[in-house]
Amino acid sequence: MPKRIFFDQLRDHLDEQVTIKGWLYAKRSSGKLIFLQIRDGVGIVQCVVFKPEVTAEIFSLADSCAQESSLSVTGLVREHQRHKGEYEIGVLDLTVLHRPVHDYPISPKEHGVDFLMDNRHLWLRSLRQHAILKIRAEISKAIRDYFDNHGFTLIDAPILTPNACEGTSTLFETDYHDKKAYLTQSGQLYMEAAAAAFGKVYCFGPTFRAEKSKTRRHLAEFWMVEPEVSFIDLEQDIDLAEDFIVAIVSRVLEKRKSELEFLERDLSYLERVQKPFPRIRYGQAIQILEQAGQPTEYGQDLGGDDETIVSNHFDRPVVVTHYPIEQKAFYFKRDSADESLALNMDILAPEGYGEIVGGGQREDDLARLSRSIDQHHLPEDAFAWYLDLRRYGSFPHAGFGLGLERTVCWICGLKHVRETSPFPRMLTRLTP
RNA sequence: UCCGGAAUAGCUCAGCAGGUAGAGCGGUCGGCUGUUAACCGAUUGGUCGCAGGUUCGAGUCCUGCUUCCGGAGCCA
């Protein structure tokens with residue numbers, strides 16, 4: 001039997017006999033011809049069974065295969081008769097490795113979201129999900145490559161934590177040898193410790209939010225990358241985030257263009273993602289909202305609609321800085337020019353995709369940080385180790401967090417983050 | 001938690017003013033030598049989400065519940 005090859009190797013085996021293994025994606029037949037669309041995890045190839053070219057047994061075997069049967073096919077690689085540059089296989093031999101015990105639930109026609117999510121383990125086999133998750137994998141790799149190539153050290157943050165990192169969101173509670181523990185919602189505080197040890201660090205892993213959020217932008221479990229850099233200020237933090245986002249987008253455009261095109265993504269939006277990003281202050285965002293006839297009171301946080309209006313004013317991601325300090329988490333440093341403002345920044349993705357980055361400069365003064373913990377009604381003893389970072393060689397530092405799924409959602413141009421995760425965990429879904 | 005919407009065949013849906021349930025797809029059988037969500041013919045398929053109520057009669061009207069969807073708040 002000829003060597004088994006994958007579909008991206010077909011061009012190297014033109015006019016040769018090969019064996020491929022995969023699953024039957026679709027079948028069309030026409031009397032003496034059967035077209036088997038077979039997926040092998042890499043791609044899809046058309047296998048043509050022509051009655052005069054195979055035994056009667058092979059022909060009826062091909063005719064009897066149901067969707068998602070696993071198959072081994074041996075045949076001749078040739079150019080597709082209708083589509084130049086594509087390859088097909090003229091079948092000579094066929095083995096059915098497994099026949100589905102029931103009809104495959106996902107037909108080529110339309111399905112509802114709930115049904116598809118119930119069948120997420122099978123839905124992953126579809127071309128659309130394949131394209132999205134290939135892009136997700138590319139973005140994950142681009143994230144690692146960017147930081148690894150810029151002098152950062154990967155420091156894995158713990159998943160199980162004793163207390164809230166930020167104290168605002170609800171946490172998933174679990175039992176830890178008769179004590180309470182919580183699933184992390186951010187690795188940031190640990191990254192601050194690591195930044196003092198390694199200078200430039202990042203963590204990249206799953207985080208958890210138990211909020212009762214039920215929107216297109218929320219998951220209960222999502223991946224976040226959080227760089228933290230010693231001796232930089234807010235401006236340099238924004239420079240980093242900007243350079244980083246441009247790098248990710250250009251990598252996907254370079255490596256996953258065919259997937260983006262399959263998803264019918266308008267690439268011009270992504271090609272416009274170049275430095276510099278517009279930078280506005282929270283106060284200016286409020287003005288934009290007023291002019292747009294969507295007045296938001298100064299001091300209020302920007303809602304989802306507000307973010308969309310603001311981001312629609314620009315053709316690329318927009319950086320919004322200097323929010324009122326009361327709105328932000330306890331660890332942000334105040335602006336020395338106006339103590340009511342935080343040295344923070346959010347980056348809003350274009351086209352209404354909302355906040356993909358949140359970050360800023362951290363409070364590095366022991367007394368001020370201690371007071372802030374107090375003002376936020378947080379237990380100071382839980383943050384004793386964190387305050388130590390301000391006791392022993394305190395240093396200005398800044399960082400940010402970027403949500404992987406929201407970034408994938410934006411780059412792919414999807415309507416909902418649930419398709420960006422292989423097995424999304426949401427308010428109403430823990431399975432499969 | 002709040003506001004809005006939905007639940008009918010395996011899937012996606014239709015079912016008007018209450019009168020005993022329908023299409024497409026899928027499955028099955030048959031036809032076709034180039035199909036691309038193939039096509040053509042036949043066929044299979046239902047506790048109308050659950051529990052009450054109104055009525056001679058409820059998929060349809062009313063009440064409660066459940067589940068899901070969209071959004072708000074919160075956030076990445």
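In the text below, chain A, chain B and the rest are named by the order of the sequence lines, each starting its count at 1.
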Trainee: If each of A/F50 and A/V357 is mapped to the nucleotide of RNA chain B with the nearest heavy atom, which maps nearer the 5' terminus, i.e. the 5' end?
Mentor: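 Its nearest nucleotide lies further toward 5', so the answer is A/F50.
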Trainee: Starting at the 5' end of RNA chain B, which residue's closest nucleotide do you reach first, A/Q37 or A/T215?
Mentor: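 Residue closer to the 5' terminus by nearest nucleotide: A/Q37.
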Trainee: Do A/R279 and A/D239 meet the salt-bridge criterion of a basic N to acidic O distance under 4.0 Å?
Mentor: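 A salt bridge is present here (some side-chain N lies under 4.0 Å from a carboxylate O).
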Trainee: Between A/K214 (NZ) and B/rG4 (P), how many Å, whole number?
Mentor: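 After rounding, the gap between these two atoms is 13 Å.
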Trainee: Taking only the C1' atom of each, what is the distance from B/rC68 to B/rC50 in whole angstrom?
Mentor: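 15 Å, rounded to whole Å.
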Trainee: Indicate yes or no: does A/E405 engage A/R418 in a salt bridge with an N to O separation below 4.0 Å.
Mentor: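 Between A/R418 and A/E405 there is no salt bridge, as every charged N stays at least 4.0 Å from the carboxylate O atoms.
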Trainee: Return the minimal non-hydrogen interatomic distance between A/P432 and A/R120, and the atom names on each side.
Mentor: CG-CB, 3.7 Å
Trainee: To the nearest Å, give me how far apart CD (A/Q67) and P (B/rG27) are.
Mentor: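 About 7 Å, once rounded to whole Å.
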Trainee: Hey, are A/R362 and A/E228 close enough for a salt bridge, meaning a charged N less than 4.0 Å from a carboxylate O?
Mentor: yes
Trainee: Would you call the rings of A/F147 and A/F400 parallel, tilted or perpendicular, where under 30° means parallel and over 60° means perpendicular?
Mentor: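 It falls in the tilted class, 30° to 60°.
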Trainee: Under 3.5 Å, which donor-acceptor pairs do the side chains of residues 84-92 of chain A form with other protein atoms, sequence neighbours left out?
Mentor:
from  : atom 1 : to    : atom 2 : distance (Å)
A/E88 : OE1    : A/Q46 : NE2    : 3.3
A/E88 : OE2    : A/R78 : NE     : 2.8
A/E88 : OE2    : A/R78 : NH2    : 3.1

Trainee: Is the closest side-chain donor-acceptor distance between A/Y146 and A/D243 under 3.5 Å?
Mentor: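 A donor-acceptor contact under 3.5 Å links the two side chains.
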Trainee: Taking any heavy-atom pair under 4.0 Å as a contact, classify A/L33: base, sugar-phosphate, or nothing.
Mentor: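 It contacts base atoms.
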Trainee: In dot-bracket form, how is RNA chain B paired, counting a Watson-Crick or G-U wobble pair only if both its distances are under 3.5 Å and using | for bases paired to another strand?
Mentor: (((((((..((((.....[..))))((((((.......))))))....(((((..]....))))))))))))....
Trainee: For A/K27 and B/rC39, what is the distance between atoms NZ and C1' respectively, to the nearest whole Å?
Mentor: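 Going from NZ in A/K27 over to C1' in B/rC39 covers 15 Å.
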Trainee: Starting from P on B/rC74, measure out to CG on A/D301 and report it in whole angstrom.
Mentor: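 It is 6 Å, rounded to the nearest whole Å.
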Trainee: Could one point to a donor on the side chain of A/H111 or the base of B/rC11 with an acceptor on the other under 3.5 Å away?
Mentor: no
Trainee: With stacking defined as ring centroids separated by under 5.5 Å and planes differing by under 30°, is A/F222 stacked against B/rA76?
Mentor: yes
Trainee: Any N or O donor-acceptor pair under 3.5 Å from the base of B/rG34 to the side chain of A/E88?
Mentor: yes
Trainee: Could you tell me whether the side chain of A/Y282 reaches within less than 4.5 Å of the side chain of A/P324, counting heavy atoms only?
Mentor: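 Yes, side chains in contact.
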Trainee: Give the residues of residues 399-432 of chain A touching RNA chain B, defined as any heavy atom closer than 4.0 Å, sorted by residue number.
Mentor: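 RNA chain B contact set from residues 399-432 of chain A: A/R406, A/H416, A/R418, A/T428.
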Trainee: Determine, for A/F423 and A/R425, whether the Lys NZ or Arg CZ falls below 6.0 Å from the six-membered ring centre while staying within 45 degrees of the axis.
Mentor: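 Not flagged: A/R425 not positioned over aromatic ring of A/F423.
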